[in-house]
Amino acid sequence: MTATTHDSLFPAVPDSADAVLDGLDPEQRAVATALRGPVCVLAGAGTGKTRAITHRIAYGVRAGLLQPASVLAVTFTARAAGEMRGRLRQLGAGGVQARTFHSAALRQLQYFWPRAIGGEMPRLLERKVQLVAEAGARCRIRLDRNELRDVTGEIEWCKVTQTVPEDYPAVAAKTGRDVPRDPAEIARIYTTYEQLKRDRGVIDFEDVLLLTVGVLQDRPDVADTVRSQYQHFVVDEYQDVSPLQQRLLELWLGGRDDLCVVGDASQTIYSFTGATPDFLLGFRSRYPAATVVKLVRDYRSTPQVVGLANGLLGQARGQAAAHRLELISQREPGPEPSYAEYPDEPAEAEGAARRIKELIGSGVRPSEIAVLYRINAQSEVYEQALADAGVPYQLRGAERFFERPEVREAGLLLRGAARASSDPDDAATVPEQVRAVLSSRGWASEPPAGSGAVRDRWESLAALVRLSEDFTAARQEATLSDFVAELDERANAQHAPTVEGVTLASLHAAKGLEWDAVFVVGLTEGTLPITFAKTDEQVEEERRLLYVGVTRARLHLGLSWALSRSPGGRGGRRPSRFLDGLRPGSAPRGARAAGAGGGGVERGSGGRKRRGPVLCRVCGRTLSDAGEIKLMRCEDCPSDLDEALYDRLRVWRTAQAKVLGQPAYCVFTDRTLLAIAEVRPDGEAELSSIPGVGARKLDKFGADVLALCAGEEPGDEAADEAADEPAGTPADAPAGSPARASDEGSAEAAESSSEEAEK
């Protein structure tokens, strides 16, 4: 078990800028010292990404290269932002703004509203469900509880993808959304919802981003003020940005490139909210000079857990899978992951509770154990099983620790006690004073029997007592007033102390957390992947969700499933397909995907990628049509063609064909040139991955094409070499292939033969 020490809870502030870099591995240090220009950090699970970027900010601040007030670090949850602020404070870099996209935008909107719009800013709507329900009623559309939640989610998705109501039916059809109601009905509810908001003078959380984007776009003076304040940007969990958040980031930047992004495409699990890894995966194409650092040293999990995680992604498909990171564990070997099959769900829950009790008996703290499941409805049977076994637990996703009534009350009492304690030489220690205050509100040295509200209250107060003990152990001269100040700082940062109980959480809620022991339960077809995951990409996101769950475990990992829901059931369920090839006695489905390789710093790329099934680089679908394979995308997927580059390539091709004495298509076909102008490769590896660019064409024309893609003039070497080819023979034609073709279709066929010969 990895125990938390007093030093790790309250570490000493580094005494110099160089001391900030102590303990970082080579790749983390590369991140921390890359303080200028665009930087992209591809960070696998457990590789210390938060450590790397907080040390980067702290090193820049402590070295005098970054002014704290000029840095804006953004992430996706208040908890993550609070953790980042806490770490920066411990590194001596207080004053840096670390916020969620929404909170940063809200602060700017509140400040600039009187100047940019005038009057009083509309009230923020805390929960939109009631208003969506009213909108449905006005449209005479009845929504049950589940439909109301799903329609609300669709409205949120529309707003972050900047889809207006009238466009929703067409966009939903094109993107393959699994819509909860008729799209036309959702569009009507969406329209009515927006009207109700206007009538009542309220805005929702998505409006905060939309309005901030509008103000920055329409008021250059406001945009200039924001940009003069913030010159350096860090974006954590960049794989989760939505198009709207990306637009806001671009407006904050204002054409500058002092940006550091961190993410992992293999942990993209929020696409239903509009999140997309495209901005992370396309970072190098937007910033050709970017420094790319890959973090693959996994400090969290044992080789056994990491091996399972790598195997799980090894069978993945699609765009994110093509960029997966092969993790390398830095820990000592541990126990093998366990697989367990049960006749029904209650038996599965009892089995997990029994194993958890054994772990606690061996010394693992309950707070270092988690049970993870696909949907929240699965928690009930585990709550019952743990309660029956006498094991304390907490539900992840409940209200925040510092917002619990008993914690707020305890804070007031401790603050009053600190003011009343005028004698600094009081014989009572800080923990003794805290225990004395909290004993009047339900804390005792032993927990109450059973579970429920009384036990939850005791767990909250016990967490405060343990925190006071850790605080005093780290700072022996501290007073009760110092401890109250620490609580205030933690409350502001949402840096909650540990509640001593087994965590029950959904796989989505577990993102960003870790435990010594993790039990991933309910792994059956129809649950993971969930029934409504229909498309290949939806199924792959379910696989990534399991990957996130597996990589939460440091040492112990249990995977289980039940053959039926209730005792005596038919037992027709099957284990999840994601376990095929991993659990004993099962065979893998499909080939293993090529990953993004080892860690390090990249400023270019070389070598060739293996040939295999060609996937659409936009949606990830496997392509079978020859024309689509040439383009490397579906015909109806959006194109990002660089028209100027395409024109330059065509002019260059004409010149090459003249030297060769061959038709232009013998150099490259139109579709291959289109694919090159869309991909805009920046190295031989990326160029060679384009169908139609074989080894010989890469050797003869690669330098010229890459020069054109880089905006440079090509040399003459390729043409000189090509001139040595016998006239009338396509430069990359295998033996026996047609030397000439009368039209573009024949040329495509000839080049397809060439590609098949090279595979």
Out of Val41, Val31, Val235, which residue meets the side-chain contact (heavy atoms from CB on, under 4.5 Å) rule with Val262?
Val41
N/O donor-acceptor pair under 3.5 Å between Ser329 side chain and Ser301 backbone:
yes
Is Phe483 close to Leu467 at the side-chain level, that is, under 4.5 Å between some pair of heavy atoms?
yes
Could you check whether Glu27 pairs with Arg297 (Lys NZ or Arg NE/NH1/NH2 to Asp/Glu carboxylate O, under 4.0 Å)?
yes
So, do Pro335 and Gln304 sit near enough that their side-chain heavy atoms are less than 4.5 Å apart?
no
Heavy-atom side-chain contact between His55 and Leu24 under 4.5 Å
yes
Starting from the C-alpha separation in whole Å, work towards a yes-or-no answer on side chain to side chain contact (heavy atoms under 4.5 Å, CB included) for Arg573 and Trp561.
CA-CA 9 Å; Arg573 290 176 171 178; Trp561 58 94; over 6 Å; no
From CA spacing to verdict: side chain to side chain contact (heavy atoms under 4.5 Å, CB included), Arg374, Leu545
CA-CA 9 Å; Arg374 177 60 179 85; Leu545 194 55; 3.5 Å; yes
Between Ser506 and Ala509, is there a donor-acceptor pair closer than 3.5 Å when you use the side chain of the first and the backbone of the second?
yes
Are any of the side-chain nitrogens in Arg554 or Glu368 under 4.0 Å away from the carboxylate oxygens of its partner?
yes
Give a yes or no on whether a salt bridge exists between Lys128 and Glu156, defined as a side-chain N under 4.0 angstrom from a carboxylate O.
yes
Less than 4.0 angstrom from a charged side-chain N to a carboxylate O is my criterion; do Arg543 and Glu540 meet it?
yes
Of all heavy-atom pairs linking Asp298 and Ala45, the shortest is OD2-O, 2.9 Å
First locate atom OH of Tyr547, then atom CZ of Phe578, and finally report the distance between them rounded to the nearest 0.5 Å.
14.5 Å
Distance col, row Leu504:CG vs Tyr393:OH, nearest 0.5 angstrom, shows 7.0 Å
When rounded to the nearest 0.5 angstrom, what is the spacing between OH in Tyr299 and CD in Glu514?
14.0 Å
Does any part of the side chain of Thr54, heavy atoms only, come nearer than 4.5 Å to the side chain of Met84, both counted from C-beta?
yes
Between Leu295 and Val293, does a side chain to side chain contact (heavy atoms under 4.5 Å, CB included) hold up when you go through it step by step?
CA-CA 7 Å; Leu295 304 183; Val293 184; 4.2 Å; yes
Any side-chain heavy atom of Val437 sitting closer than 4.5 Å to one from Val434?
no
To the nearest 0.5 Å, what is the distance between CG on Asp240 and CD1 on Ile269?
7.0 Å
Do Arg85 and Glu83 pass the salt bridge (charged side-chain N to carboxylate O under 4.0 Å, His left out) test, and can you show the C-alpha distance, the side-chain angles, and the key distance before you say yes or no?
CA-CA 5 Å; Arg85 288 193 295 272; Glu83 180 185 357; over 6 Å; no
Do Val74 and Thr100 come close enough that some side-chain heavy atom pair is under 4.5 Å?
no
Heavy-atom side-chain proximity of Arg149 to Val129 below 4.5 angstrom
no
From Asp236 CG over to Ile53 CD1, what is the distance, rounded to the nearest 0.5 angstrom?
4.0 Å
Looking at Glu542 and Arg544, is any side-chain nitrogen of the basic one under 4.0 Å from a carboxylate oxygen of the acidic one?
no
Mark yes or no for whether Gln28, through its side chain, and Thr47, through its backbone, hold a donor-acceptor pair below 3.5 Å.
yes
Minimum heavy-atom distance between Ala265 and Leu280, given as atom pair plus value
N-CD2, 3.8 Å
Separation between CZ (Phe76) and OG (Ser242), nearest 0.5 Å, reads 7.0 Å
Any Thr175 side-chain heavy atom under 4.5 Å of Trp157 side chain
yes
When you measure from the side chain of Ser564 to the backbone N and O of Pro343, does any donor-acceptor pair fall under 3.5 Å?
yes
Does the side chain of Gln378 come under 3.5 Å of the side chain of Glu380 through a donor N or O and an acceptor N or O?
no
Flag the pair Arg354 and Glu358 as a salt bridge only when some basic side-chain nitrogen lies within less than 4.0 angstrom of an acidic carboxylate oxygen.
no
Using the rule given for side chain to side chain donor-acceptor pair (under 3.5 Å), can you reason through Ser560 versus Glu348, listing the C-alpha separation, both sets of side-chain angles and the distance that settles it, and then say yes or no?
CA-CA 7 Å; Ser560 65; Glu348 183 181 6; 2.6 Å; yes
Any chance you could lay out the side chain to side chain contact (heavy atoms under 4.5 Å, CB included) test for Leu546 and Leu523, step after step, and finish with the verdict?
CA-CA 9 Å; Leu546 178 55; Leu523 294 176; 3.9 Å; yes
Closest non-hydrogen atoms of Trp515 and Ala370, given as atom of the first, atom of the second and distance, are CD2-CB, 3.3 Å
Aromatic ring pairing Tyr270/His508, orientation class (parallel under 30°, perpendicular over 60°, tilted between)
tilted
Looking only at heavy atoms, what is the nearest atom pair of Val305 and Leu555, with distance?
CG2-O, 4.1 Å
Side-chain donor-acceptor pair present, Ser271, Glu541, cut-off under 3.5 Å:
yes
Salt-bridge contact Lys511-Glu237 (side-chain N to carboxylate O under 4.0 Å)
yes
Minimum heavy-atom distance between Pro303 and Pro333, given as atom pair plus value:
CD-CA, 3.8 Å
Does a side-chain N-to-carboxylate-O contact under 4.0 Å join Glu469 and Arg435?
yes
For Gly549 and Leu507, which heavy atoms make the closest approach, and how far apart are they?
CA-CD2, 3.6 Å
Is Glu147 reaching over with its side chain to a backbone N or O of Asp144, donor-acceptor style, under 3.5 angstrom?
yes
